[in-house]
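Here, residue 1 is the first one in the sequence, and each next residue gets the next number. Computation of the quantities below employed the complete heavy-atom set of this structure, encompassing side-chain atoms and omitting hydrogens, waters and symmetry-equivalent molecules.
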Amino acid sequence: MTISTFQEADLVQLPALQPPDWGDLIPRFRYFIKSDLCSPIKISENGQLMAIGTNMYHTNSVWLACIVVHPAHRNKGLGKIITEELISQVDRRRFPSIYLDATEFGYPVYKKLGFEIENCYSHFTREEALPPHVISPQIVPFEAQFRTQIYKIDSEISGENRAGILDDFLHSSMLYVTDNVVLGYYIPDWGDAPVIAIDDEAGIELMKLRFQTQDKAILPQENALAIQFLIQNNFVEYRFSRRMFLGLKKEWMPEKIFNRVSGSLG
């Protein structure tokens, strides 16, 4: 059994590790491999993947992402081993905050490693057809002139400087803009297709756009307004997950997240 860097050639083995209710691992790990801000690793034996995961680096924080153990190799301590390896790679002076989103499988492991619960995400799915919605004319495609405003909103709400990774996906974003002021964004190509807005009306209007093509939603339990909107539009909560941290806890605004980025990024 060895721990090493996850490679392009390993992508073909990911379907065997794919959790049933996660987004497709292949495009995510393809991005991790190419990004200078990610460091994907694997545990393997005789050329077969046993466990995978990655670090994703922001300016002064790190997210542990896509930690998955092959179903045939669970209950062998591999989740703990790969998580400890990812943590060991982090310069804790430069990156004092480490975050992750814990599933039921991972929660006991992360708790033993010292992670604390910060809050919970509610996971929703749509069981019936979406009622018709008119898309707001204030929602417009991304333009470069709005880049700095998007960075500012994201940093203010997330409590992190995520500009490095965020910039890779801005080209697909849709923005809620009033008088040339960006009040929120929706990025269909980034993780779980986040909706983040400093203004509640902007957040709800962007949710209406998102649900033209998305039938799942994941958001902090603190955003009561967005949860009420989901329930009114035929969404049902089917599980929850725990946002956990190790080290310095950051101040953020969960009530302004109308759909999270992903379990990889909050």
Side-chain angles (χ1 to χ4, degrees), residues 3-6 17 19 22-23 25 28-29 31-43 51-69 77-121 123 151 154-169 190-192 194 196 218-222 240-254 256-257 260-266:
I3 300 175
S4 58
T5 301
F6 188 98
L17 285 79
W22 286 28
L25 290 175
R28 296 189 183 205
F29 271 83
Y31 174 77
F32 298 156
I33 292 167
K34 293 179 180 179
S35 175
D36 292 336
L37 300 175
C38 304
S39 55
I41 62 173
K42 63 185 179 184
I43 297 176
I52 54 175
T54 192
N55 286 327
M56 302 187 76
Y57 294 88
H58 301 313
T59 298
N60 60 359
S61 59
V62 177
W63 278 79
L64 309 191
C66 294
I67 298 173
V68 185
V69 177
L78 297 182
K80 180 175 183 288
I81 292 171
I82 199 163
T83 303
E84 287 178 324
E85 176 64 22
L86 290 169
I87 293 171
S88 73
Q89 294 180 4
V90 177
D91 181 342
R92 300 294 296 278
R93 291 170 297 180
R94 181 180 175 188
F95 302 100
S97 303
I98 301 178
Y99 277 93
L100 55 77
D101 182 36
T103 64
E104 286 301 308
F105 281 116
Y107 170 65
V109 174
Y110 307 138
K111 184 178 180 181
K112 289 179 181 178
L113 290 174
F115 282 86
E116 300 177 59
I117 297 175
E118 184 171 74
N119 78 320
C120 292
Y121 293 108
H123 295 238
Y151 291 161
D154 187 78
S155 178
E156 182 176 348
I157 293 174
S158 72
E160 302 175 78
N161 183 344
R162 308 189 293 189
I165 292 175
L166 174 60
D167 200 51
D168 289 335
F169 300 94
W190 190 21
D192 292 324
I196 292 179
I218 307 171
L219 67 165
Q221 293 179 347
E222 290 86 345
F240 75 96
S241 58
R242 302 169 177 90
R243 173 178 163 128
M244 305 184 74
F245 70 96
L246 182 67
L248 180 65
K249 180 180 178 180
K250 289 194 169 288
E251 296 297 323
W252 63 308
M253 301 170 66
K256 298 300 182 182
I257 296 178
R260 72 171 189 189
V261 177
S262 74
S264 310
L265 289 164

(message) Pair F105, V69 - check side-chain contact (heavy atoms from CB on, under 4.5 Å), show working.
(response) CA-CA 10 Å; F105 281 116; V69 177; over 6 Å; no

(message) Could you work out, with side chain to side chain contact (heavy atoms under 4.5 Å, CB included) as the rule, every residue matching S158, not counting sequence neighbours?
(response) D154, E160, R162

(request) Apply side chain to side chain contact (heavy atoms under 4.5 Å, CB included) to R94 and list each qualifying residue two or more places apart in sequence or on a separate chain. (result) D91

Locate the shortest heavy-atom distance separating [X] from [Y]; write the atom from each residue and the value.
X	Y	value
E222	C120	OE1-O, 4.4 Å
T54	C38	OG1-CB, 4.0 Å
L25	P19	CD1-CD, 3.9 Å
Q89	S39	OE1-OG, 3.6 Å
Y121	P220	CD2-N, 3.7 Å
L78	A51	CB-CB, 4.3 Å

(request) Indicate yes or no: at least one non-hydrogen side-chain atom of R28 is less than 4.5 angstrom from one of S262. (result) yes

(message) Do I157 and I257 make a side-chain contact, defined as non-hydrogen atoms from C-beta onward lying under 4.5 Å apart?
(response) yes

Check for a donor-acceptor pair, side chain of [X] on one end and backbone N or O of [Y] on the other, with a separation under 3.5 Å.
X	Y	value
N55	L86	yes
S97	L248	yes
S61	I98	no

(message) Under the rule for side chain to side chain donor-acceptor pair (under 3.5 Å), what residues qualify as partners of E251, not counting sequence neighbours?
(response) none

(request) Taking the six-membered ring of Y99 (Phe, Tyr or Trp), confirm whether the NZ or CZ of R243 is under 6.0 Å from its centre and within 45° of its axis. (result) yes

(request) In sequence, state the C-alpha distance, the side-chain angles, and the governing distance for K250 and F245, and then conclude on side-chain contact (heavy atoms from CB on, under 4.5 Å). (result) CA-CA 9 Å; K250 289 194 169 288; F245 70 96; over 6 Å; no

Rounded at 0.5 Å granularity, tell me how far [atom1] in [X] sits from [atom2] in [Y].
X	Y	atom1	atom2	value
E84	K112	CD	NZ	11.5 Å
L246	L64	CG	CG	8.5 Å
D101	W63	CG	CH2	6.5 Å
R260	L219	CZ	CG	10.0 Å
H58	I165	NE2	CD1	5.0 Å
E85	I67	CD	CD1	11.5 Å

Any residue meeting ring pair (Phe, Tyr, Trp, His ring centres under 6.0 Å) with [X], in chain and number order, not counting sequence neighbours:
X	answer
Y57	F95
F169	Y31, W190
F29	F6, F32

(request) Taking only Lys NZ, Arg NE, NH1 and NH2, and the carboxylate oxygens of Asp or Glu, determine whether E116 and R242 approach each other closer than 4.0 Å. (result) no

(request) Would you please test Q221 and N119 for side-chain contact (heavy atoms from CB on, under 4.5 Å) and show each step? (result) CA-CA 8 Å; Q221 293 179 347; N119 78 320; 6.0 Å; no

(request) Verify side-chain contact (heavy atoms from CB on, under 4.5 Å) between I87 and F115, making sure each step is shown before the conclusion. (result) CA-CA 11 Å; I87 293 171; F115 282 86; 3.7 Å; yes

